[in-house]
Every structure is written in C-alpha cells, then in structure tokens.
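Here is how names work: the chains are called A, B, and so on, in the same order as the sequence lines, proteins then strands, and each is numbered from 1. From a predicted model like this one, the values you see are computed outputs, not experimental measurements.
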Amino acid sequence: MGFASLSSGVIARIMNGDDVVKPVLQILAIKKINSNADAERYRILISDGKYFNSYAMLASQLNEMQHKGQLDEFTIVQLDKYVTSMVGKDGAGKRVLIISELTVLNAGAEVKEKIGEPVTYENAAKQDKVAKAAPPVVPKKEVTQSNNNNNNNITLNASIGAGMTHPISSLSPYQNKWVIKARVTSKTGIRTWSNPRGEGKLFSMDLMDESGEIRATAFKEQCDKYFDMIQVDSVYFFSKCQLKPANKQFSQLNNAYEMTFTGETAVQLCEDADDGAIPDIKYNLVPISEVSGMENKAAVDTIGICKEVGELQAFTSRTTNKEFKKRDLTLVDMSNSAISLTLWGDDAVNFDGHVQPVILVKGTRINEFNGGKSLSLGGGSIMKINPDIPEAHKLRGWFDNGGGDNVANMVSARTGGGSFSTDWMTLKDARARNLGSGDKPDYFQCKAVVHIVKQENAFYRACPQADCNKKVVDEGNDQYRCERCNALYPNFKYRLLVNMSVGDWTSNRWVTCFNETGEQLLKHTSQEIGEALENDPTKAEEIFSALNFTSHIFKLRCKNEVYGDMTRNKLTVQSVGPLNHKEYNRHLLKELKELTGIGSSSN
DNA sequence: CCCCCCCC
C-alpha cells in the first residue's frame with residue numbers, strides 16, 4: 001500500500017503495562033472531550049489494525065497538531081512518548097493511554113481508510129492470552145513508608161505499588177480516589193492574609209505530569225506541614241486533595257480545576273523520578289531583544305546576566321494599603337539587549353546580585369510603561385540563579401569576556417519602541433511617520449525650544465483628595481462638589497494643564513503639560529501658579545514668560561484623539577529634562593555618522 | 001479560605 005505498517009497487536013501489550021518502543025498506530029477518530037472544564041482536551045480512537053483503544057488521550061501540547069489538521073481520521077502515527085494511567089474509582093478504574101509525543105507517518109487524507117478490522121483490546125485480550133495478569137492492587141512490600149508522618153498513605157502506597165497513578169488531566173471534583181505523580185514546577189512563598197472573613201497563611205505550587213498541569217494550594221496547618229517538603233523540580237505522589245473550579249482570572253494554567261490540600265492529603269517524594277514519565281520543566285527561552293515585540297502582560301521565559309542590581313525597596317500599595325518589597329535587576333544577554341526584571345518579597349530580600357549571576361526565569365509577566373517593557377516575577381513564575389545548563393555557561397563566557405559592555409537596546413527604556421535608535425525624532429518626522437495613528441500611543445523625544453505658553457485655561461480647580469484629580473463643580477457658598485467622590489468640599493486644589501508651542505529645527509507643535517511637568521517647567525507649584533493666574537496677573541506673567549525661549553529635552557506621547565468628527569494628533573509631555581549636551585551630542589554624532597557614513601563601525 | 005505585585 002505504500003503506507004507504514006501498523007504494529008499489529010501492540011495495544012493489548014501497551015495497555016497491560018509493557019514498554020513498547022515507538023509503536024505505529026492508526027487514528028480512527030478524534031473528538032474534543034465534552035466537559036464543563038475549560039481545558040481543551042482530545043480523546044482519540046486509535047488502532048493497531050488488530051485492536052483498538054478508545055481510552056486514549058492527547059497531552060495538551062499535542063492540541064496544536066489537531067488544530068493544524070494533522071491528526072485527522074486514518075492518520076498513521078508513531079507514538080514517541082506515552083504513558084498509561086488509571087482513571088476512575090479504585091479497582092474499577094479504566095486504564096487510559098496518554099500520548100505526549102508522536103510523529104505523523106502518513107496523513108489521513110492519503111491513507112483514506114481503516115486498516116484491518118480491529119476489535120476492542122479488552123475483549124480480545126482474554127481470548128488472545130496476549131495480556132498478562134492485571135497488575136496487583138496490593139502494595140508491594142518494598143515500598144518505603146514515607147517519613148513525613150503521613151497517617152493517610154494507605155491509598156497512596158497501594159497505588160504507587162501497583163503503578164496506578166492517575167493523570168492530572170483526569171482529576172475532577174466528582175471523584176476523589178486518585179493518586180497523581182507530578183513534578184513541582186513552581187512554588188510561591190508563604191503568604192498571610194487577613195480580611196473580614198478571617199485570616200491565615202498559605203502557599204501554592206504548580207504541578208505537572210505527562211497529561212497536564214494543575215495549581216495546588218496548602219492553607220494554614222497544611223501550609224506549615226508541607227512548605228519545606230515541597231521542592232521545585234522534585235516529583236511527588238499526591239492524593240486526597242480537594243478539587244474545585246479554578247478561577248481563570250488568577251491562573252494561566254491549562255486546567256479548569258485547582259486543588260486544595262486537606263487534612264486527608266498525603267504527599268510522598270518519588271525517589272526515582274528519572275524514569276522519563278514526568279516531563280522536565282520546559283523553558284521557552286526568548287532573547288531579551290524579542291521582548292520588545294511581545295504583547296503587554298504576555299508570559300516570558302528568558303535567561304540573562306544580572307548586570308545591575310537595584311536596592312531593596314519597600315512601599316505601601318496605594319490601592320490596597322499592603323506593604324510590598326521589591327528589587328529591580330537589569331538582565332543583559334547576547335542579543336545585546338537589556339531588560340529590567342522585578343523581584344518581589346523574599347526573592348527581592350534575599351537576592352545577591354553583586355556577583356552578576358546568570359538568571360533564568362520562566363513565566364514572568366511583561367509590564368509595559370511608556371513604550372518600555374519590563375518583566376515581573378509573579379505567582380507561578382520560576383527564577384533560577386546560575387542554573388547548570390549550556391545556555392547559562394555560554395552567557396557566562398560571553399559576559400566575562402566583555403560581552404555586556406556595549407548593550408545597545410534598552411527594552412525597558414521609556415518612550416520609543418524599545419530601541420534607543422528610534423528614541424530621538426524631530427517634530428517634522430513625528431508628523432511624517434504618522435506617529436500616534438495606531439491603537440497604542442507612540443513615544444519619542446526631541447530637543448525643542450518653548451515659543452509660546454498659553455495662560456488661558458492653564459489650570460483647573462480639582463478635587464482636594466490626594467488621589468482624585470477630577471475637576472470640581474463650584475456650587476457657590478465656597479462649596480465644591482467632586483462628582484467622582486460624590487462629595488462636597490470647602491476647598492479645592494489647583495492642577496495644571498498647560499498648552500505651549502514648542503519648536504525644533506524642523507517644525508513647531510502645540511503640546512500639553514499636566515501638573516508635574518508644568519510645575520517643573522514653570523518652576524512654581526500648581527498652587528502658586530493657580531493663585532497668580534487668578535489674583536496676580538503680573539506675577540503670572542513673570543512666571544510664564546520665564547519659560548519662553550528655553551530649550552529642553554521633551555519626552556512626548558503621541559496619539560490620535562477624536563473630538564466629534566475631528567481627529568487630532570495630540571502631543572503630551574511625559575517628562576522634561578534639561579539639555580544634556582553630552583548625551584545630545586552623542587545622538588547628533590550618531591545621526592551624522594548614519595547620514596555621511598563617516599566614522600562608522602569599521603573604526 | 002488566596003487571587004496582592006506599587007511607582008514611573
């Protein structure tokens with residue numbers, strides 16, 4: 001026929017626990033498992049030409065192949081990696097086949113038909129005597145008792161002894177007799193909470209096996225009992241956790257459920273985890289330069305040298321009033337790029353960056369600010385310091401030989417698209433390049449001189465509350481109403497909203513300064529400026545005219561805004577700085593080099 | 001039962 005021949009009869013052997021290397025099978029059907037779970041999962045009917053098995057599933061990393069139509073009916077595949085596992089109640093459990101790696105040998109469209117007349121392996125196996133006796137459900141004698149004082153490891157040991165663990169993907173709240181064998185991929189620190197419903201402490205961990213992943217959380221007593229035992233990268237047997245729907249708002253894990261440890265929960269370290277069944281943590285390492293082009297809030301795995309380390313900072317969140325500790329690092333890599341990485345809590349406190357270690361991170365989040373992107377290590381993220389992997393040794397060699405000395409691309413730099421070379425722009429170029437016409441604002445900086453500063457409407461009366469800057473309504477009788485706070489106040493504060501025309505050597509534009517940049521440029525507080533504009537025109541004139549014909553470096557935000565049926569390209573001053581001649585001349589020299597080719601890289 | 005990660 002010209003197609004790969006099927007490994008006739010192997011399904012019965014596989015399902016009885018034999019280790020069959022790379023069997024060749026045919027997919028007869030594939031369908032999405034219907035459940036109220038959000039996790040996407042496919043069940044397949046697979047045949048060796050003699051037997052079929054309808055209790056087979058794809059590990060989620062193969063979903064992509066199904067999306068691409070590579071696993072259609074009649075496709076002949078080679079299973080490169082698979083495990084069998086028990087689902088269902090003890091004793092009456094079904095053994096399922098979970099496929100985690102496969103190679104397509106012949107496309108279904110090419111094969112076009114079912115090969116052979118396969119029958120279900122369960123019936124056939126009895127007649128055929130291919131199958132050995134079912135695996136024993138009694139514990140093996142040599143299973144060691146755990147030394148962690150679990151008093152509930154009877155189910156655990158019985159299952160371990162019988163080699164009957166369950167795939168994570170089969171866990172649900174409807175069934176609690178199970179044992180999973182899973183690798184811990186991340187672990188949070190211990191966190192305490194206190195709210196109207198009570199207080200306590202907890203830590204969470206992410207678990208992974210061949211079939212999928214799940215978040216588990218240990219509260220209070222369980223938090224104390226298991227925190228030290230649970231180590232990232234180790235493999236454990238877990239049983240008797242409570243399952244509940246995962247709140248997708250807080251978890252990016254591919255599982256509709258999450259688990260909570262209970263008093264019944266048993267955990268046991270798996271000493272011989274190197275049997276290949278539990279996958280290693282996979283790092284999808286991205287060069288730092290590529291983070292520039294990634295979406296805000298996306299997850300990033302990367303590796304770099306900690307070139308610089310910031311001080312430990314403690315602060316209180318303005319929104320939640322909680323205390324936080326953080327530390328910012330600067331990572332550099334061979335893409336000649338640098339990015340800021342924020343550590344939190346104990347990671348921040350305990351970090352020693354002065355030795356410039358290699359930092360490997362998984363699952364960090366991108367935070368975008370003013371066009372720059374930085375990374376933050378959050379819950380579910382992993383950080384490894386000086387990991388023993390080839391990429392780390394390569395980076396070490398590169399950096400120790402001066403590799404990080406000429407980092408050109410500051411991914412976390414504010415303004416601009418993340419590249420220093422696009423940072424500077426003339427006002428004319430900003431127009432010519434249609435800056436601000438996209439969904440997101442564009443940022444650039446330019447050197448410009450102030451031509452005119454408008455005194456009209458340069459301030460407004462704002463809500464006196466520290467965090468509310470909404471314009472108040474004058475109710476008369478010295479009463480001011482804030483519609484956001486829904487409150488009446490006897491006072492208000494002045495806020496600046498200054499429009500000025502600035503020009504560089506190519507063009508001039510009107511730009512808007514808000515409070516902070518306005519105060520900085522006018523060298524007076526908003527209170528002083530507001531009072532002068534209302535009561536003392538001579539002083540106001542003095543303050544405003546002092547700004548005329550002064551030069552500054554303006555960092556500008558550029559965005560198209562719609563007013564009625566008009567679209568206007570609006571420039572807002574993000575920050576303003578004095579003219580740094582050294583830096584500005586460096587920029588001019590660079591442009592000259594690019595324009596003339598004189599003194600370019602060969603020198 | 002948490003689910004917060006600020007500020008620029």
Considering only distance and modelled atom types, tabulate donor-acceptor pairs under 3.5 Å from the side chains of residues 198-209 of chain A, sequence neighbours left out.
{"from": "A/Lys201", "atom 1": "NZ", "to": "A/Asp224", "atom 2": "OD1", "distance (Å)": "2.7"}
{"from": "A/Lys201", "atom 1": "NZ", "to": "A/Asp224", "atom 2": "OD2", "distance (Å)": "3.4"}
{"from": "A/Ser204", "atom 1": "OG", "to": "A/Thr217", "atom 2": "OG1", "distance (Å)": "2.9"}
{"from": "A/Asp206", "atom 1": "OD1", "to": "A/Arg215", "atom 2": "NE", "distance (Å)": "2.4"}
{"from": "A/Asp206", "atom 1": "OD1", "to": "A/Arg215", "atom 2": "NH2", "distance (Å)": "3.2"}
{"from": "A/Asp206", "atom 1": "OD2", "to": "A/Ser186", "atom 2": "OG", "distance (Å)": "3.2"}
{"from": "A/Asp206", "atom 1": "OD2", "to": "A/Arg215", "atom 2": "NH2", "distance (Å)": "3.4"}
{"from": "A/Asp209", "atom 1": "OD1", "to": "A/Ser211", "atom 2": "N", "distance (Å)": "2.7"}
{"from": "A/Asp209", "atom 1": "OD1", "to": "A/Ser211", "atom 2": "OG", "distance (Å)": "2.8"}
{"from": "A/Asp209", "atom 1": "OD1", "to": "A/Gly212", "atom 2": "N", "distance (Å)": "3.0"}
{"from": "A/Asp209", "atom 1": "OD2", "to": "A/Ile168", "atom 2": "N", "distance (Å)": "2.9"}

Write down the distance between CZ (A/Arg215) and P (B/dC2), rounded to a whole number of angstrom.
15 Å
Tell me the interatomic distance from A/Tyr257, atom OH, to B/dC3, atom C1', rounded to whole angstroms.
20 Å
Go through A/Lys326 and A/Asp328 one step at a time and tell me if the salt bridge (Lys or Arg N to Asp or Glu O under 4.0 Å) criterion holds.
CA-CA 7 Å; A/Lys326 70 154 206 173; A/Asp328 291 331; 3.1 Å; yes
Determine which pairs satisfy side-chain hydrogen bond (donor to acceptor under 3.5 Å, both in side chains) with at least one residue from residues 347-356 of chain A, sequence neighbours left out, and list them in order.
A/Asp352-A/His354
Would you indicate what A/Gly345 reaches in the nucleic acid, counting non-hydrogen atoms under 4.0 angstrom: base, sugar-phosphate, or nothing?
nothing
Distance check needed: B/dC5 C1' versus A/Met383 CE, whole Å only.
15 Å
Base, sugar-phosphate or nothing for A/Arg191? Non-hydrogen atoms, less than 4.0 Å.
base
Closest of B/dC7, B/dC2, B/dC4 to the A/Lys326 side chain is B/dC7
Would you say whether A/Trp344 stacks on B/dC5? The test is a distance between ring centres of less than 5.5 Å and an angle between planes of less than 30°.
no
Mind checking A/Glu258 for me? I need base, sugar-phosphate or nothing, with any heavy atom below 4.0 Å counting as a touch.
base
A/Trp178 ring center within less than 6.0 Å of A/Phe238 ring center:
no
Spacing of A/Asp206 atom CG relative to B/dC2 atom P, expressed in whole Å
18 Å
In whole Å, I'd like the distance from the CD atom of A/Gln242 to the C1' atom of B/dC2.
14 Å
Of all the nucleotides listed (B/dC6, B/dC2, B/dC3), which has the minimum atom distance to the side chain of A/Phe250?
B/dC3
In whole angstroms, the gap separating P of B/dC4 from CG of A/Asp346 amounts to 20 Å
Take atom CG of A/Asn367 and atom C1' of B/dC4, then tell me their distance rounded to the nearest Å.
14 Å
Euclidean distance, atom CG of residue A/Asp347 to atom P of B/dC4 [Å, nearest integer]:
20 Å
Pair A/Phe261 and A/Tyr226, ring centroids less than 6.0 Å apart:
yes
Has A/Asn195 got a side-chain N or O lying under 4.0 Å from the OP1 or OP2 atom of B/dC2?
yes
